[in-house]
> 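Let me give you the structure first, and then I'll get to my questions.
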Amino acid sequence: MGEMEELRKEADNLKDQITEARKVVQDTTLQEAVAGTTLVGRVQLKTRKTLRGHLAKIYAMHWGTDTNCSKLCVSASQDGKLIVWDTLTTNKVNAIPLKSSWVMTCAYAPSGNMVACGGLDNMCSIYNLKGKDGNVKVMRELAAHTGYLSCCRFLNDSEIITSSGDCTCILWDIETGTEKTIFAGHLGDCMSLAVSPDFKMFISGACDFTAKLWDIREATCRQTFSGHESDINAIGFFPNGNAVITGSDDATCKLYDLRADQELITYQDSGIMCGVTSLAASLSGRLLLAGYDDFNVNIWDMLKAERVGVLAGHDNRVSCIGVSSDGMACCTGSWDSFLKIWN
Amino acid sequence: MSSPDEDEVPAIQTGPKGLINDWRKFKCEDQDTPPSKKELLRQMSNPQSDDIPDRLNRKMSVQEYEMIAEEDEKCLRKNQQQCMKEMHKRLSFGPKFDSVVELDSAEAFLEVIEKAHRLTLVIILIYEDGVKGCEALNSCLDCLATEYTSIKFCHIQTAATGAGERFSDNVLPTILVYKAGKLLGNFLSMTQHLSEEFFATDIEAFLREYGLLLEKEFAACPDEEDGGVEVE
């Protein structure tokens with residue numbers, strides 16, 4: 001047992017060294033840096049459109065990014081359908097029937113040519129939206145994960161990254177349908193992932209209470225962020241790519257700076273006691289929209305760490321949120337089967 | 001998070017965990033699921049379960065993954081029917097009301113906000129006799145109160161609030177919206193958002209725009225074909 005003790009001591013020593021190194025570079029706190037900034041006024045968003053058509057709970061949604069589809073988004077529902085919406089006209093561009101109704105995530109390819117989804121079937125299914133005869137068909141079924149598919153995000157038309165309940169993330173080659181890289185390291189189910197604005201890195205949040213930054217090409221874990229006291233359910237990049245935002249079951253959201261390798265601030269309120277399950281930052285990064293388990297969306301002033309608004313209502317049980325790529329609107333998907341576009 | 005009113009499964013979460021929860025509930029209610037499997041599902045739904053100590057970081061068990069692999073087309077259809085039923089059930093819940101309640105003091109005002117059921121939306125109109133728009137808005141609310149019976153509509157005169165100076169004539173009428181003790185919407189000088197002559201439907205549309213009113217009608221029939229279009 002002597003060796004175990006030594007190794008344990010060594011690990012603790014290394015952890016202390018990391019903490020020390022982080023303290024050394026911390027020359028100020030976010031609160032001090034923004035002392036002179038005025039709080040953003042109360043934010044009240046209005047519903048501009050309601051997207052009706054799903055027959056059951058909405059589990060996930062994702063906006064298109066290409067200039068051709070910045071007004072399009074895709075949603076996944078318990079009714080076993082993926083619907084691609086034109087949010088300006090509220091028309092359904094595509095209604096794709098799925099083989100499984102347990103779909104946890106959906107993604108829109110940056111090119112607008114494909115969408116992907118996955119869930120309890122442990123697979124990531126890729127659909128080609130621009131097939132020759134106009135029909136949307138399954139292009140690939142990426143199967144290798146031994147756990148549920150919690151999230152997927154396209155890098156381009158030939159690569160996609162998935163996160164899974166089997167504690168790993170995988171970079172896939174869509175053409176061949178095989179795994180290019182397996183990112184292992186998390187000790188708990190991976191719940192969410194986000195790709196950096198330059199597409200070179202991605203971050204994952206997991207049920208081991210940590211978030212990890214991965215280098216896609218080098219296939220390594222660059223940084224690990226801890227501090228949360230429970231599962232991290234949602235994760236996103238700060239718009240400039242230099243910081244990471246996480247949302248957790250511990251009822252808080254945190255902002256971690258990549259260069260300082262530490263937490264900058266925690267978004268919490270004694271009145272909030274339920275977990276965060278989805279988040280999205282505004283284009284400027286000034287506002288953070290976070291969805292909670294009590295079905296409300298709280299809007300935070302990211303600099304001053306104060307709540308400046310609530311997106312809530314009678315039956316607006318919000319289950320997912322997304323801010324469009326041009327920052328003009330946000331979309332909320334709800335358990336009442338509707339999606340709403342707000343700004 | 002869990003409450004005696006929601007007499008369904010223990011935790012109500014959104015996100016992937018919510019979906020796993022939905023799946024467990026579906027399997028538990030399904031007659032074709034054997035009792036031993038139902039017991040496993042119930043154990044997995046209860047986070048405090050001592051029988052499975054090391055699974056803190058893992059959300060699903062191997063046996064559950066096996067159950068999913070065995071599912072087929074029939075399951076998909078059963079699930080879809082169940083969804084429709086749930087949806088209908090969820091759309092009417094909580095205490096019911098039928099008319100606008102007059103609040104006569106600041107204490108009554110606070111009590112209404114604090115004591116309301118956590119799922120009930122509370123809409124309060126602050127008004128004063130003789131101020132433009134107040135009477136019209138009052139009758140609009142009378143109308144909406146009979147239609148939206150899960151919402152608690154109230155009104156109070158500024159004199160009764162004890163904060164008369166705060167509500168000068170130019171911010172009246174004011175509508176405040178609360179739920180579970182939280183202020184969701186704060187609309188001063190309500191009439192600036194409305195045209196000269198307004199009706200209950202205008203107030204209804206306004207509140208719906210801010211996501212504060214329930215959508216009364218929803219989705220088309222279950223056999224909706226692919227590529228169906230809806231124009232708003």
> Charged N to carboxylate O below 4.0 Å: is that the case for A:Lys57 and A:Asp79?
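Salt bridge absent between A:Lys57 and A:Asp79.
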> Assess the pair B:Phe187 and B:Phe206: is the distance between their ring centroids shorter than 6.0 Å?
yes
> Need one label for A:Ser192: side chain, backbone, both or neither, based on atoms under 4.5 Å from any heavy atom in chain B.
neither
> So which of A:Asn233, A:Asp86, A:Leu98 has the largest heavy-atom pair count under 4.5 angstrom toward chain B?
A:Asn233
> Need one label for B:Glu71: side chain, backbone, both or neither, based on atoms under 4.5 Å from any heavy atom in chain A.
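For B:Glu71, the side chain is the part near chain A, not the backbone.
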> Could you walk me through whether A:Leu311 and A:Val318 satisfy the side-chain contact (heavy atoms from CB on, under 4.5 Å) test, starting with their C-alpha distance in whole Å, then the side-chain angles of each, then the deciding distance to 0.1 Å, before giving a yes or no?
CA-CA 9 Å; A:Leu311 271 190; A:Val318 178; 5.7 Å; no
> Count the heavy-atom pairs under 4.5 Å between each of A:Lys99, A:His186, A:Arg42 and chain B, then report the option with the highest count.
A:Arg42
> Shortest non-hydrogen contact from B:Thr174 to B:Ser189?
OG1-N, 4.0 Å
> Measure distances from A:Ser100 to the heavy atoms of chain B and classify the residue's part below 4.5 Å as side chain, backbone, both or neither.
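The answer is the backbone of A:Ser100.
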> Please look at A:Ser278 and chain B and tell me whether the side chain, the backbone, both or neither of the residue comes under 4.5 angstrom of a heavy atom of that chain.
neither
> Step by step, work out the side-chain hydrogen bond (donor to acceptor under 3.5 Å, both in side chains) result for A:Asp166 and A:His145.
CA-CA 7 Å; A:Asp166 67 7; A:His145 277 300; 3.0 Å; yes
> Counting heavy-atom pairs closer than 4.5 Å to chain B, which one of A:Val84, A:Asn122, A:Asp121 comes out on top?
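Winner by heavy-atom pair count: A:Asn122.
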> Which atoms form the tightest heavy-atom contact between A:Ser163 and A:Cys190, and what is the distance?
CB-CB, 3.9 Å
> Measuring heavy-atom distances to chain A, does B:Lys182 have an atom under 4.5 Å in its side chain, in its backbone, in both, or in neither?
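The side chain, not the backbone.
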> Relative to chain A, which segment of B:Ile68 carries a heavy atom at a distance below 4.5 Å: side chain, backbone, both, or neither?
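For B:Ile68, the side chain is the part near chain A, not the backbone.
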> Which atoms form the tightest heavy-atom contact between A:Gly188 and A:Asp208, and what is the distance?
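Taking A:Gly188 first and A:Asp208 second, the nearest heavy atoms are N-CB, 3.7 Å.
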> What part of A:Leu120 gets closer than 4.5 Å to chain B, counting heavy atoms only: side chain, backbone, both or neither?
both
